[in-house]
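The next block holds one structure in the form of structure tokens; read it before the comments.
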Protein chains: 2
Amino acid sequence: MDMKFQTVDPQTISELLRTHQITPTTQRVKIAGILFAEAAHFYAEQVYARVNEGDAEVSKATVYNTLGLFVAKGLVRQVFVDPGRVFYDSNTKPHHHFYDTASGKLTDIDTLAVAVHEMPPLPADTEMESVDVIIRVSPRGAKPRPE
Amino acid sequence: MDMKFQTVDPQTISELLRTHQITPTTQRVKIAGILFAEAAHFYAEQVYARVNEGDAEVSKATVYNTLGLFVAKGLVRQVFVDPGRVFYDSNTKPHHHFYDTASGKLTDIDTLAVAVHEMPPLPADTEMESVDVIIRVSPRGAKPRPE
DNA sequence: GTATAGACTTGGAATAGTTCTAAGTCTAAC
DNA sequence: GTTAGACTTAGAACTATTCCAAGTCTATAC
């Protein structure tokens with residue numbers, strides 16, 4: 001069976017899932033195949049569209065369940081840049097993002113290129129989970145707001 | 001440090017709105033009064049609840065319209081930290097945020113406390129709009145990945 | 001092999017936040 | 001006092017996501 005977008009060996013994917021305590025079902029392997037095939041950022045709807053492009057048949061509920069599971073297991077991470085649309089990022093190495101507000105496109109920024117220093121004291125009795133840096137950009141010349 | 005929900009002089013607010021090319025209507029002044037009364041972060045639902053606490057009567061549509069208008073005019077800024085819930089921040093000075101993922105509380109971080117240096121090259125033909133740094137925190141000892 | 005329990009998947013209904021729409025109200029200018 | 005245009009409104013519509021109850025699969029016990 002050939003899957004259009006999947007360029008990652010299903011065997012490899014299954015192992016990846018297993019190392020994250022995820023039982024590799026058919027649907028999960030397909031979804032992971034899409035997420036890890038290329039360094040891109042997807043939202044649920046896109047994953048749903050891609051996974052059902054060929055002869056595959058995966059329900060929307062399963063796409064959401066699976067993405068949620070992957071997040072819980074630390075396989076992918078969520079990026080919030082847009083109201084009401086969660087991006088899923090399969091790059092788990094620490095990095096940041098450009099967000100083109102006009103096109104809605106997310107681009108990675110290597111952590112080496114941006115440095116946050118002098119971390120401020122955290123609120124009392126809390127521990128840090130993550131540091132997200134989002135640099136919003138827009139096409140040059142397109143003035144977002146008149147002065 | 002505890003200050004109750006205080007009101008800002010409507011006269012002052014009207015002037016503030018006018019300097020931002022916003023006609024100060026009754027509803028807009030009330031909403032701005034809430035936003036600027038204290039240094040807090042609100043989402044639409046909270047503004048709607050507050051503005052209707054007394055005898056006021058402002059519709060949900062107007063709350064959304066007004067918040068959108070304020071954003072467009074640069075009076076407040078949106079913060080995206082949570083899927084499907086936009087925070088509105090009346091602090092327009094450059095600053096960043098702590099986000100407590102357990103309580104959903106946003107806290108300001110002065111830019112002086114965090115510095116992003118070595119800005120990476122922007123994607124071609126784009127210009128920067130903003131740099132948002134969000135440091136996610138959770139109560140110490142809490143299960144890192146809630147289900 | 002068959003039985004079975006628990007995990008997984010499913011379509012569709014439900015929900016939440018937000019936007020849209022079309023009609024009504026207010027206001028400033030004439 | 002009319003009127004045009006800006007503003008507000010209730011409720012419908014919309015979108016992303018979650019929930020639910022029922023059905024399917026799969027690994028293990030026999």
Side-chain angles (χ1 to χ4, degrees), chain A residues 10 13-14 17-18 20-34 41-52 55-73 75-89 101 104 106, chain B residues 10 13-14 17-18 20-34 41-52 55-73 75-89 101 104 106 146-147:
Chain A
I13 298 239
S14 291
L17 296 187
R18 262 188 261 271
H20 285 264
Q21 279 74 252
I22 298 167
T23 310
T25 66
T26 315
Q27 292 87 339
R28 289 170 181 176
V29 170
K30 270 176 185 151
I31 291 170
I34 286 162
H41 305 83
F42 297 101
Y43 38 90
E45 202 66 38
Q46 293 175 317
V47 173
Y48 176 70
R50 281 220 175 169
V51 84
N52 288 318
D55 52 355
E57 257 293 318
V58 179
S59 75
K60 202 164 277 193
T62 296
V63 170
Y64 278 100
N65 287 343
T66 302
L67 290 173
L69 179 67
F70 286 1
V71 169
K73 298 296 188 179
L75 206 70
V76 303
R77 109 191 205 205
Q78 295 178 307
V79 184
F80 308 109
V81 283
D82 212 15
R85 176 127 84 188
V86 179
F87 280 86
Y88 293 87
D89 187 348
T101 54
L106 265 186
Chain B
I13 299 242
S14 290
L17 296 187
R18 262 188 260 272
H20 285 263
Q21 277 76 250
I22 299 168
T23 309
T25 66
T26 314
Q27 292 88 339
R28 289 170 181 175
V29 170
K30 270 176 185 151
I31 291 171
I34 286 162
H41 305 85
F42 297 100
Y43 39 89
E45 203 66 37
Q46 294 176 317
V47 174
Y48 176 69
R50 283 226 172 162
V51 83
N52 288 318
D55 53 352
E57 256 294 317
V58 178
S59 74
K60 201 164 278 194
T62 296
V63 171
Y64 278 99
N65 287 343
T66 303
L67 289 173
L69 179 68
F70 286 1
V71 169
K73 298 296 189 179
L75 205 69
V76 302
R77 109 191 202 203
Q78 295 178 305
V79 183
F80 308 109
V81 282
D82 212 16
R85 177 128 84 189
V86 179
F87 280 85
Y88 293 86
D89 188 347
T101 54
L106 265 186
E147 286 162 52

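Computed from heavy atoms alone, side chains included, the values below leave out hydrogens, waters and symmetry copies. Here is the naming used below: chain letters follow the sequence lines, and residue numbers restart at 1 for every chain. These numbers come from a predicted model, not from an experiment.
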Starting at [atom1] of [X] and ending at [atom2] of [N], how long is that distance when rounded to a whole Å?
X	N	atom1	atom2	answer
A:Phe42	D:dT17	CZ	P	15 Å
A:Glu45	D:dT18	CD	P	13 Å
B:Asp82	D:dT17	CG	P	12 Å
A:Phe87	D:dA16	CZ	C1'	13 Å
A:Gln78	D:dT18	CD	P	8 Å
B:Lys60	D:dG11	NZ	C1'	11 Å
B:Gln27	D:dA10	CD	P	11 Å

**Request:** Without swapping roles, check the side chain of A:Asn52 against the backbone of A:Val58 for a donor-acceptor pair under 3.5 Å.
**Result:** yes
**Message:** Quick check against the 3.5 Å criterion: does A:His41 have a side-chain atom that pairs as donor or acceptor with the backbone of A:Phe87?
**Reply:**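 No, A:His41 side chain to A:Phe87 backbone: no donor-acceptor pair under 3.5 Å.
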**Message:** I'd like the 5' and 3' limits of the part of DNA chain C contacted by chain B, with heavy-atom contacts below 4.0 Å.
**Reply:**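 From 5' to 3', the first and last contacting nucleotides are C:dG17 to C:dC20.
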**Prompt:** With side chains defined as the heavy atoms from C-beta onward, is the minimum distance between A:Leu106 and A:Val81 less than 4.5 Å?
**Reply:** yes
**Message:** Do A:Phe42 and A:Leu67 have side chains that approach each other closer than 4.5 Å (heavy atoms only, starting at C-beta)?
**Reply:**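 The answer is no, as the side chains (C-beta and beyond) never meet within the 4.5 Å cut-off.
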**Prompt:** Of B:Tyr88 and B:Thr26, whose closest DNA chain C nucleotide lies nearer the 5' terminus?
**Reply:**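 Its nearest nucleotide being more 5', the pick is B:Tyr88.
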**Asked** Start at the 5' end of DNA chain C and walk down; is the nucleotide closest to B:Arg85 or to B:Asn65 reached first?
**Response** B:Arg85
**Request:** Look at the side-chain N and O atoms of B:Arg28 and state whether any lies under 4.0 Å from the OP1 or OP2 oxygen of D:dT8.
**Result:**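 True: B:Arg28 side-chain N/O within range (under 4.0 Å) of D:dT8 OP1/OP2.
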**Message:** For D:dT18 and A:Tyr64 - does any side-chain N or O of the residue sit under 4.0 Å from the phosphate oxygens OP1/OP2?
**Reply:** no
**Request:** Look at all strands and tell whether A:Thr62 reaches a base, only sugar-phosphate, or nothing, counting heavy atoms closer than 4.0 Å.
**Result:** base
**Asked** Please walk me through it: do B:Ile22 and B:Arg28 pass side-chain contact (heavy atoms from CB on, under 4.5 Å)?
**Response** CA-CA 9 Å; B:Ile22 299 168; B:Arg28 289 170 181 175; 4.0 Å; yes
**Request:** Apply the test side-chain contact (heavy atoms from CB on, under 4.5 Å) to residues B:Phe70 and B:Leu17: give CA-CA distance (whole Å), side-chain angles for both, the deciding distance (0.1 Å), then the verdict.
**Result:** CA-CA 9 Å; B:Phe70 286 1; B:Leu17 296 187; 3.8 Å; yes
**Request:** Quickly, which of A:Arg85, A:Lys60, A:Arg50 forms a side chain to side chain donor-acceptor pair (under 3.5 Å) with A:Glu45? Name it, please.
**Result:**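 Option passing the side chain to side chain donor-acceptor pair (under 3.5 Å) with A:Glu45: A:Lys60.
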